[in-house]
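Contents: one structure, followed by commentary.
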Amino acid sequence: MDNPQEVAGPPLLDVVNVSKRFVVRGSRQSVTWRRHLTAVDGVSFSLRAGEITALVGESGSGKSTVARMLSRLETPSGGYVNLHGERVRFGVPGGRRAYLRQVQLIFQDPFASLNPVHTVRYHLERPLRVHQHLRSQQDVERGVAALLEEVHLTPPSRFIDCYPHQLSGGQRQRVAIARALAVGPKVVLADEPVSMLDVSIRLGVLNLLAQLVEERGLALMYITHDIASARYFAATTHVMYSGQLIESGPSEDVTQSPRHPYTQLLLESSPDPTRSRKRIPLSALEVAHGNIGTGCRFQPRCPYAMPRCAEEASPRQAVGGTHWAACWLLAPVPADGQ
Amino acid sequence: MSAISGGAAPVPVGTRVGSKKRYAAARQSRDRFVRFWRRLTQSRKTFAGLVILLIFLLIALFGPWIDSQSPSAMSGAVLQGPSTAHWLGTTQTGQDVAAQLLDGTRFTLLVSFGAAAVATVIALIIGIGGGYLGGIGGEVLSMLSNCFLVIPALPLVIVLAGYLPNKGGISLILVLALTGWAWGARILRAQTLSLRRRDFVLAARVAGERSWRILFSEILPHVMPIAASGFVFTVIFAIVTQSSLAFLGLGDVTTWSWGTMLYWAQNNSALGLGAWWWFVPPGLCIGLVGMALALINFGIDDFVNPRLRVTDLRRRGRRAARLSVAEVLAPHASDSAVVEAVGK
């Protein structure tokens with residue numbers, strides 16, 4: 001199989017060193033003693049047209065915050081975003097809308113992301129009117145029908161006047177996908193798009209997304225906690241832990257020969273009947289809280305932790321091709337001996 | 001069971017809509033209305049409230065045609081009990097009590113519904129606007145409604161009404177609206193605060209909708225039951241406050257309302273004279289309208305809070321009655337947020 005990194009074109013969306021610090025609830029009123037929580041800390045990656053990129057991490061790792069920042073529901077505390085190689089400016093009038101015309105978000109929970117008081121038609125025609133500037137009722141009608149067909153809700157007439165409660169979870173998520181597509185985006189961020197769906201229909205929705213990526217040439221970011229589906233679905237996989245990327249590379253490499261202890265732990269904990277089960281050290285299962293300081297964030301849980309890990313975090317260590325991991329274990333030998 | 005687990009949205013018992021496209025929209029709106037009407041009237045309390053209110057509205061509309069006597073016209077028949085000539089007797093100056101009551105109904109209801117409408121609009125703007133905006137603007141609006149909440153309403157009304165140069169209906173409506181909106185604004189703000197972080201609101205933002213569109217199209221439909229309930233309560237507040245004002249002689253004593261009738265009855269010591277037909281009817285009317293509105297509010301409560309939909313179960317017969325309380329309540333665990341928000 002070709003390495004997709006080599007055949008793909010220039011990045012469509014470049015995320016550079018993006019961070020998000022939240023003020024901890026309850027300390028907002030305090031002038032002198034505000035506590036902050038760094039949800040995302042200096043994350044950089046890029047999305048390419050026609051390619052699926054997975055962002056994998058446990059809950060609380062900041063992966064959803066990344067999606068929210070990229071869809072402008074949250075304002076990043078640091079870093080910036082390049083779209084088509086140009087730095088995006090949100091300050092200018094209409095900048096936000098213009099950006100959202102290119103970048104769209106699919107929410108995790110289709111039971112919450114559709115307004116129960118509106119029909120499918122309303123949900124789909126609003127972005128058509130706002131972004132595609134369709135005016136006549138006929139054009140809008142045709143656009144809505146085409147979108148429904150594109151997400152395989154056929155015949156469209158059966159679904160167009162339905163309210164969300166009349167649809168199943170899978171159908172709702174397809175409507176949510178259609179709404180994201182209605183804008184005509186180049187980049188789609190899918191925040192755990194199948195985790196709220198029944199297992200039996202997950203594959204159908206994932207295949208639909210893959211098909212849309214191929215047909216429309218979308219750049220898709222697939223956010224998930226299920227590293228096994230990332231292997232099946234995505235060309236590139238980024239692993240996130242505690243707000244930072246800790247390993248990244250072609251999905252096949254990351255999932256078959258994980259180099260970071262955390263990625264190894266993540267793969268160990270996902271069920272696989274063909275693999276003999278290794279015992280995971282108990283200490284590694286406990287989620288560490290509190291301030292890690294400058295050291296590696298995984299160090300309190302890491303079975304291979306060294307004194308050095310507590311002092312400074314490892315930079316990206318290349319392990320072949322585009323595959324890298326941030327762990328001192330992979331550092332060149334001379335540096336290790338110090 | 002699907003109807004019970006239907007959640008807060010006033011919807012369906014397995015209706016399949018949308019198969020026949022052409023009539024779907026029309027049938028759907030009709031279906032919704034039928035369902036709405038059924039839900040509204042299946043509780044006897046709500047139905048009774050609606051009937052009583054309807055009677056009073058008809059009286060307000062057609063009152064002068066029912067009894068053509070002038071409410072202010074004096075006659076020689078002084079302080080007479082109810083008779084065929086004077087259905088509800090006469091006052092000390094020989095005025096017809098029934099005519100006064102019919103005439104007063106119009107003014108009383110007009111002022112109280114008008115005041116409630118204005119107050120609800122203010123509450124919607126300040127409550128939803130403040131809740132959605134957040135930040136300093138939201139805090140200021142919240143503080144404003146808190147200030148109005150702690151001001152004792154009746155003394156303020158008395159002061160305002162006492163200094164108003166014009167004591168007609170419009171100024172009364174404005175005074176009552178000014179003192180009656182804060183309570184509703186507070187509740188609407190709490191509900192909006194919970195709604196603005198919901199995924200469907202965020203999704204509308206990602207879809208590029210503007211703030212006012214999100215407020216009107218995404219949030220407003222979800223707070224309408226609460227606004228309706230607030231409206232009903234404000235009507236009760238306005239009737240009682242307006243009657244208190246008139247009773248104290250602070251209103252326009254020449255305009256007939258239930259309050260002014262009580263004012264004149266009190267001034268002429270109707271109680272001491274034993275002229276019960278003079279003060280009982282207006283008092284009863286105030287009580288009846290208040291009760292009718294309270295009963296209607298039970299019905300609105302059912303919309304907002306499915307936990308209270310007990311009448312629903314009773315109607316559905318034994319099968320539903322066998323369900324344990326826990327089974328009935330469990331599907332609505334997610335609605336507790338709404339209940340708490342309302343509770344605030």
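Chain identifiers are assigned alphabetically (A, B, ...) following the order of the sequence lines, protein sequences preceding nucleic acid strands; residue numbering begins at 1 within each chain. These numbers come from the heavy atoms of this one structure, side chains and all, not from hydrogens, waters or symmetry mates.
- For Phe216(B), the CZ atom sits in a loose shell: 12 or fewer heavy atoms of surrounding residues, nucleotides or ligands are nearer than 6.0 Å.
- Applying side chain to side chain contact (heavy atoms under 4.5 Å, CB included) to Val206(B) and the options Arg72(A), Gln104(A), Arg179(A), Arg68(A) leaves one that passes, Gln104(A).
- Around the CZ atom of Arg21(A), the shell of radius 6.0 Å holds no more than 12 heavy atoms that belong to other residues, nucleotides or ligands.
- The neighbour count for Arg213(B) CZ, taken as heavy atoms of other residues, nucleotides or ligands under 6.0 Å away, is above 12.
- Contacts of Arg210(B) with chain A are made by both backbone and side-chain atoms, with heavy-atom separations under 4.5 Å.
- With sequence neighbours left out, Tyr122(A) forms a ring pair (Phe, Tyr, Trp, His ring centres under 6.0 Å) with His118(A).
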Checking His222(B) against Asn115(A) for the side chain to side chain contact (heavy atoms under 4.5 Å, CB included) test, could you report, in this order, the C-alpha distance in whole Å, the side-chain angles of both residues, the deciding distance, and whether it holds? CA-CA 9 Å; His222(B) 287 270; Asn115(A) 194 335; 2.6 Å; yes
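- Rounding to the nearest 0.5 angstrom, the gap separating the CD atom in Glu209(B) from the CG atom in Leu100(A) is 11.5 Å.
- Taking all atoms of both residues into account, the shortest heavy-atom contact from Val117(A) to Pro221(B) is CG2-CB, 3.8 Å.
- Here the shortest heavy-atom pairing between Ser113(A) and Ala203(B) reads O-CB, 3.8 Å.
- The two residues Phe200(B) and Leu114(A) come nearest to each other via the heavy atoms CB-C, 3.7 Å.
- Within a 6.0 Å sphere centred on CD of Glu86(A), other residues, nucleotides and ligands contribute 12 heavy atoms or fewer.
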